[in-house]
Amino acid sequence: MSEENTSADREGLDFIRRIIEADNASGKWGGKVVTRFPPEPNGYLHIGHAKSICLNFGLAQEYGGACNLRYDDTNPEKEEVEYVKSIEADVRWLGFDPAKIVWASDYFGTMYAYAQELIKKGKAYVDDQTIEEIRLNRGGITGGTNSPFRERSVEENLELLERMKQGEFPDGSKVLRAKIDMSSPNFNLRDPVMYRIVHAEHHNTGNQWCIYPMYDWAHGFEDSIEAVTHSICTLEFENHRPLYDWFIDSVNEGRTDDGSGPWGKKIHHSQQIEFAKLQLSYILLSKRNLRKMVEDGTTSGWDDPRMPTISAYRRKGYTPEAIRAFCKHIGVNKFDSVIEHSVLENFLREDLNRRAPRVMGVLRPVKVVITNFPEGDVEWLDAVNNPEDPAAGMRKVPFTRELYIEQGDFEEVPPPKYFRLTPGKEVRLRWAFFIKAESVVKDASGRVTEVHCTYDPATRGGDSPDGRKVKGTIHWVSASHAINCEVRLYDHLFKTPEPTKFPEGQDWTVNLNPQSLEVIADAKLEPSIAGAAEGQHFQFERNAYFVVDRDSKDGKLVFNRAVSLKDSWSKEQKRG
RNA sequence: UGGGGCAUAGUGUAACGGUAGCACAACAGACUCUGACUCUGUUUGUCUAGGUUCGAAUCCUAGUGCCCCAACCA
């Protein structure tokens, strides 16, 4: 095959897809692509996992392969069944269908047999040293010291391992270690621990096992058993790859392709590939910190819309399409980078702009009285549901003498370039009439409580027959028809783009944004919103995209702000 | 002081020896019954220094900077 052709085919592909295409071209895996997404069920999935999910499941889709969802449940002390359900739900919500749903614990028996095999091959031993001794003897950069238990006989090792498994020894008293090289510059190769004793009930295997495999020992076999071709993990495992390979190679030592000989047939050896995990500005992504936020009440739970979990983004109003498009856009690489959170937000805007029906809602109301509109009369006006989607059709909105508009849409003394409602100037009420402010009513503190206006009946529908133009169009809601809703306005949980940067002696909590949630108890929504169902998206025109929250009750809808509309006016104002 | 990895506008990402392109951000403008959307234009970049070459982001050498590694976590 010619160099030119392959490089042309590879244009724009990330390094992982290039590896896959090269493998497919060489026939390395017989054209198969098998991946896996292997979360540990010790927390909810977050947006960083979404990158991995889109990568692993996406690869399987693109190359006609398969991707398994595999719970990496090798540590019974940290894992909870509660998380298992959320993980699968999040994967499916993102739009992916696991080829198989499997557990690392399904393979404990096979791994144990491999461990026995390594002992027989003189490649593993039971170590009686304490944790402290092991750590000390691992040494510094110059190398470590061999364990005094390193040369036990095969028989003794086999017997000890079996008794460890049966629970005859207390936690921490013994471990099984690989016999590799205590002088290796790679610490992972200095006789790494394969099994530790843990007398704990496992959510899948119960009390069957008193020893549990370490990640390095287990992971390659999980991949091997599932015939994973490309085992994709994050950068910090790069130093572990020699160990990943060593364990598989050691099992394969003495084995044959056809299964003849004392050790049997060779096992599958997946290729580990490392990529840089996702980092986003304004958020914290370590499970430890997320758990803390849930436990100490910083947020209301794993799916509090201010959390960076997938379930929180969902509740906040993000769509799987937006998250998938984002993950595709950011690509995959081998170097760390921090992506601006606004990039994610833009993908949501792009998606919701296309699909979200528009509706008028006034969050901070001020009353408008149309003094020349008859009391008690109602005009039902036509409004376009979604200008981006003609198929979305039309709806009727009621116009009456008393309306609500946004406080920010009226200024008695307008700043420069202000083209909303202001005394003596005409604006258009969206889908309705031109109105002109004539006078204001103020309370004792001087705050405007009512704006008295006149309307021009000839401008019904929003256009003037005489060709008169207005610069501003504002949204409104009929006071007597308004539906009171709760609206939750979310902002970043952290006020700084890098929450992990904080002064000496403090922690990230100093970076929490005290204004990350504002609740508006009685926003005024147009009546067409009645009956909106949980999870439905809307654009409140000139404001933001919202989704109906699960806290909604029959009497009262609750909306979460997913993302605001871009607002060049507020930008203009800030500039002064 | 050992080992492993990585460096392209403000932020991401492409270009795989042949004109440094795209998105977001920023800025200027057009359009507009959403100050939204859309459209047009502008600014800003190959970590540094050498070398190979007609030609280097790309190959070589040296340096600099950043990330990861000494859990019985994953």
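Below, all heavy atoms of this structure are taken into account, side chains as well, without hydrogens, waters or symmetry copies. Within every chain, numbering begins at 1; the chains are lettered A, B, ... in the order of the sequence lines, protein sequences first and strands thereafter.
For the C1' atom pair drawn from A57(B) and U46(B), the interatomic distance equals 5 Å after rounding to whole Å. Comparing the P positions of G50(B) and U58(B) gives an interatomic distance of 14 Å, to the nearest angstrom. Rounded to the nearest Å, the gap between the C1' atom of U34(B) and that of G41(B) is 25 Å. Only the C1' atoms considered, U38(B) is 42 Å distant from G65(B), to the nearest whole Å. Distance noted for atom C1' between U44(B) and C24(B): 14 Å (whole Å). Distance check on atom C1': U40(B) versus U8(B) gives 27 Å, rounded to whole Å. Spacing of P atoms, G10(B) relative to A26(B), comes out at 15 Å, to the nearest Å.
For Y107(A) and W103(A), the gap between ring centers reaches or exceeds 6.0 Å. For W476(A) and F399(A), the gap between ring centers is short of 6.0 Å. Within the 6.0 Å centre-distance limit, the rings of F559(A) and F540(A) are counted as a close aromatic pair. In summary, the aromatic rings of Y195(A) and Y212(A) are positioned with their centroids too far apart to meet the 6.0 Å limit.
Checked by atom type, the side-chain pair H475(A)/R430(A) shows no donor-acceptor distance below 3.5 Å. No hydrogens or angles considered: a donor-acceptor pair under 3.5 Å links the side chains of T234(A) and E236(A). In this model, no donor atom of one side chain and acceptor atom of the other lie less than 3.5 Å apart for Y215(A) and N75(A). Side-chain atoms of H219(A) and R36(A) form a donor-acceptor pair, as typed in the model, at a separation below 3.5 Å.
For the OP1/OP2 pair of A36(B) and a distance below 4.0 Å, the side-chain nitrogens and oxygens of S568(A) include at least one atom meeting the criterion. Contact annotation: K566(A) reaches the phosphate of C37(B) (side-chain N/O to OP1 or OP2, under 4.0 Å). Within the 4.0 Å cut-off from OP1 or OP2 of U11(B), not a single side-chain nitrogen or oxygen of S281(A) is found. Dashed line: the shortest gap from a side-chain N or O of K328(A) to OP1 or OP2 of U13(B) is not under 4.0 Å. Close to A36(B), at under 4.0 Å from its OP1 or OP2, lies no side-chain N or O of R349(A). Remark: R196(A) is in phosphate contact with C73(B), judged by side-chain N or O atoms under 4.0 Å from OP1 or OP2. The side chain of N333(A) places an N or O atom within less than 4.0 Å of a non-bridging phosphate oxygen (OP1 or OP2) of U13(B). The phosphate of A25(B) (OP1 or OP2) has a side-chain N or O of N346(A) nearer than 4.0 angstrom. At the phosphate of U32(B), neither OP1 nor OP2 sits under 4.0 Å from any side-chain N or O atom of T473(A). For K571(A) and A25(B), the shortest distance from a side-chain N or O to OP1 or OP2 is not below 4.0 Å.
Using cut-offs of 30° and 60° for the angle between ring planes, the H49(A) and F37(A) rings count as perpendicular.
Closest contact between the side chain of E40(A) and the listed nucleotides G35(B), C73(B), C37(B) involves C73(B). Distance from the side chain of K334(A) is smallest to C6(B) among A25(B), C72(B), C6(B). Considering only side-chain atoms of E238(A), the nucleotide from A25(B), C69(B), G5(B) that sits closest is G5(B). Nearest nucleotide to the side chain of R138(A), out of C72(B), G12(B), A36(B): C72(B). Among A74(B), U34(B), U13(B), the nucleotide with an atom closest to any side-chain atom of T74(A) is A74(B). For V338(A), the side-chain atoms get nearest to G12(B) when compared with the rest of C73(B), G12(B), C68(B). Each of A14(B), U32(B), A74(B) was ranked by its minimum atom distance to the side chain of D14(A); first place goes to A14(B). Closest to the side chain of F419(A), out of C72(B), G35(B), U8(B), is G35(B). Closest to the F335(A) side chain, of the nucleotides C67(B), U8(B), C73(B), is U8(B). Comparing C73(B), C24(B), C37(B) against the side chain of N75(A) picks out C73(B) as the nearest.
Atom CD in E350(A) sits roughly 14 Å away from atom C1' in C22(B) (whole-Å rounding). Rounded to whole Å, the distance from CD on E345(A) to P on G12(B) is 16 Å.
Residue I134(A) is in base contact, counting any heavy-atom pair closer than 4.0 Å across all strands shown.
Contact of R420(A) with G35(B) (side chain to base): a donor-acceptor pair of N or O atoms is detected under 3.5 Å.
Where H329(A) and S570(A) each meet RNA chain B at their nearest nucleotide, the meeting point lying more 5' is that of H329(A). Of the two residues contacting RNA chain B, namely L565(A) and V343(A), the nearest-nucleotide position lying further toward the 5' end is that of V343(A).
Checking U61(B) for Watson-Crick or G-U wobble geometry (two distances, each under 3.5 Å) identifies A49(B) as its partner. Figure legend. U19(B) is base-paired to no nucleotide; pairs are counted as Watson-Crick or G-U wobble with both atom distances under 3.5 Å. C39(B): Watson-Crick or G-U partner is G29(B), with both key distances under 3.5 Å. Base-pair partner of G10(B): C24(B) (Watson-Crick or G-U wobble, both distances under 3.5 Å).
In this structure, the aromatic ring of Y215(A) is not positioned over the six-membered ring of the base of A74(B) within 5.5 Å between centres and 30° between planes.
Of the residues in residues 178-190 of chain A, those placing a heavy atom less than 4.0 Å from an atom of RNA chain B are P185(A), F187(A), in numerical order.
For the pair K165(A) and Y112(A), the distance from NZ or CZ to the six-membered ring centre is under 6.0 Å and the angle to the ring normal is within 45 degrees.
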